[in-house]
Amino acid sequence: MADFFAEHALLTDRLGVDIDPELLSLALTHRSYAYENGGLANNERLEFLGDSILGQAVTVHLFTAHPGLDEGSLAKRRASVVSTVALAEVARGIELGAHVRLGRGEDQTGGRDKDSILADTMEAVIGAAFLSAGAEESAALVLRLVAPLLADPERHGAAMDPKTSLQELAARLALAPPTYAVIAEGPDHNRSFTATVVVDDVTRTGTGSSKKHAEMAAALAVWHALNARA
């Protein structure tokens with residue numbers, strides 16, 4: 001266990017929650033790694049649990065923090081904060097990808113930066129936190145992680161539909177519409193997509209397990225860059 005703590009010390013410091021080492025190790029184990037190592041347990045059950053903890057914590061916070069918002073507005077904000085794109089952004093903020101246990105093929109095709117893998121692992125870590133530290137600590141963890149998303153109302157629309165939000169922002173800034181280019185790598189059963197988006201002099205890339213997710217990730221990155229400039 002000493003080696004485990006040393007390897008993941010930076011991650012546990014960033015999480016700020018005491019998570020049982022065995023549970024954290026399980027939360028970081030992608031199914032590709034489990035399959036390549038004799039059918040070990042993977043993080044999908046913890047992901048299922050973490051998804052519920054995440055949704056509840058965000059729902060309660062939005063309900064209590066915004067008494068003037070109607071049901072539709074609350075639902076839209078919640079959906080944007082718990083979306084795959086948003087969770088992947090949160091995961092990148094704590095450099096979660098460096099700690100995920102991936103199979104060789106997944107690792108070689110950019111799995112550590114795939115939105116789907118990052119978002120699923122983030123949920124699994126939240127599930128592990130719940131089992132290790134309880135409901136209150138895990139809810140507090142969720143709110144710390146998503147605080148930047150909750151604090152920026154403009155961010156909600158971009159996370160929900162980055163491509164539309166980017167197109168609208170480009171038009172508002174009197175810039176040409178975004179252009180997209182996507183390349184695919186890997187075998188048919190394990191494709192990895194990389195999208196490049198250009199608006200004016202801003203170019204960003206994004207990766208994902210589908211063309212759609214890669215384009216969304218890249219569009220969100222360009223949206224952030226242009227929004228900061230604006």
Side-chain angles (χ1 to χ4, degrees), residues 4-5 7-35 40-65 74-103 106 111-151 155-156 159-160 208-210 213 216-217 220:
F4 178 88
F5 280 121
E7 183 180 356
H8 301 291
L10 188 58
L11 175 62
T12 54
D13 285 346
R14 286 173 175 161
L15 292 171
V17 177
D18 289 329
I19 301 178
D20 177 83
E22 290 187 6
L23 283 173
L24 182 57
S25 178
L26 179 59
L28 299 173
T29 302
H30 186 257
R31 63 177 177 270
S32 62
Y33 181 92
Y35 175 79
L40 298 175
N42 62 49
N43 63 7
E44 291 177 350
R45 280 176 52 85
L46 283 176
E47 174 199 337
F48 172 79
L49 175 62
D51 176 66
S52 178
I53 304 305
L54 170 71
Q56 182 181 44
V58 171
T59 298
V60 171
H61 172 82
L62 290 173
F63 182 86
T64 56
L74 290 171
K76 183 177 180 180
R77 290 199 175 200
R78 178 181 61 192
S80 70
V81 172
V82 303
S83 72
T84 296
V85 172
L87 282 180
E89 185 178 336
V90 169
R92 290 187 183 97
I94 60 172
E95 299 182 3
L96 183 61
H99 300 272
V100 182
R101 303 167 79 190
L102 292 174
E106 194 69 70
R112 294 188 186 281
D113 198 45
K114 284 184 182 178
D115 281 7
S116 57
I117 290 177
L118 289 173
D120 291 348
T121 306
M122 191 73 263
E123 289 179 336
V125 168
I126 292 168
F130 173 82
L131 293 177
S132 299
E136 187 174 340
E137 285 293 323
S138 59
L141 169 63
V142 167
L143 296 182
R144 286 198 304 274
L145 291 171
V146 304
L149 313 184
L150 293 169
R155 173 67 181 67
H156 292 286
M160 278 296 292
S209 56
S210 69
H213 284 149
M216 289 173 64
L220 184 60

Quick one: do the Ser25 and Arg101 side chains pair a donor with an acceptor below 3.5 Å?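 Looking only at side-chain atoms, Arg101 and Ser25 do form a donor-acceptor pair, the distance falling under 3.5 Å.
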Criterion side chain to side chain contact (heavy atoms under 4.5 Å, CB included) on Val142 and Met122, from CA distance to verdict: CA-CA 10 Å; Val142 167; Met122 191 73 263; over 6 Å; no
Please walk me through it: do Asp115 and Arg92 pass salt bridge (charged side-chain N to carboxylate O under 4.0 Å, His left out)? CA-CA 9 Å; Asp115 281 7; Arg92 290 187 183 97; 2.6 Å; yes
Side chain proximity check, [X] to [Y], heavy atoms < 4.5 angstrom:
{"X": "Tyr33", "Y": "Asn42", "answer": "no"}
{"X": "Val100", "Y": "Thr29", "answer": "no"}
{"X": "Leu118", "Y": "Leu87", "answer": "no"}
{"X": "Leu62", "Y": "Val81", "answer": "no"}
{"X": "Ile19", "Y": "Val125", "answer": "yes"}
{"X": "Leu28", "Y": "Leu11", "answer": "yes"}

Is a side-chain donor or acceptor of [X] paired with a backbone partner of [Y] at a separation under 3.5 angstrom?
{"X": "Asn43", "Y": "Ala27", "value": "yes"}
{"X": "Thr12", "Y": "Ala9", "value": "yes"}
{"X": "Ser132", "Y": "Ala129", "value": "no"}

Rounded distance (nearest 0.5 Å) linking atom [atom1] of [X] with atom [atom2] of [Y]:
{"X": "Ile126", "Y": "Leu49", "atom1": "CD1", "atom2": "CG", "value": "10.0 Å"}
{"X": "Ile53", "Y": "Leu131", "atom1": "CD1", "atom2": "CG", "value": "8.0 Å"}
{"X": "Thr121", "Y": "Arg112", "atom1": "OG1", "atom2": "CZ", "value": "10.0 Å"}
{"X": "Leu143", "Y": "Leu150", "atom1": "CG", "atom2": "CG", "value": "7.0 Å"}
{"X": "Phe48", "Y": "Glu123", "atom1": "CZ", "atom2": "CD", "value": "11.0 Å"}
{"X": "Leu15", "Y": "Leu24", "atom1": "CG", "atom2": "CG", "value": "7.0 Å"}

Please check if the number of heavy atoms outside Arg45 that lie under 6.0 Å from its CZ is greater than 12.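 No, the 6.0 Å shell around CZ holds no more than 12 heavy atoms from other groups.
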Would you find more than 12 non-hydrogen atoms of other residues, nucleotides or ligands less than 6.0 Å from Gln56 atom CD? no
Could you walk me through whether Thr84 and Asp120 pass side chain to side chain contact (heavy atoms under 4.5 Å, CB included), step by step? CA-CA 8 Å; Thr84 296; Asp120 291 348; 5.9 Å; no
Just to verify, what does Glu106 make a side-chain hydrogen bond (donor to acceptor under 3.5 Å, both in side chains) with, not counting sequence neighbours? Lys114
Please give me the minimum heavy-atom distance between His30 and Ser32, naming the atom from each residue. ND1-OG, 2.8 Å
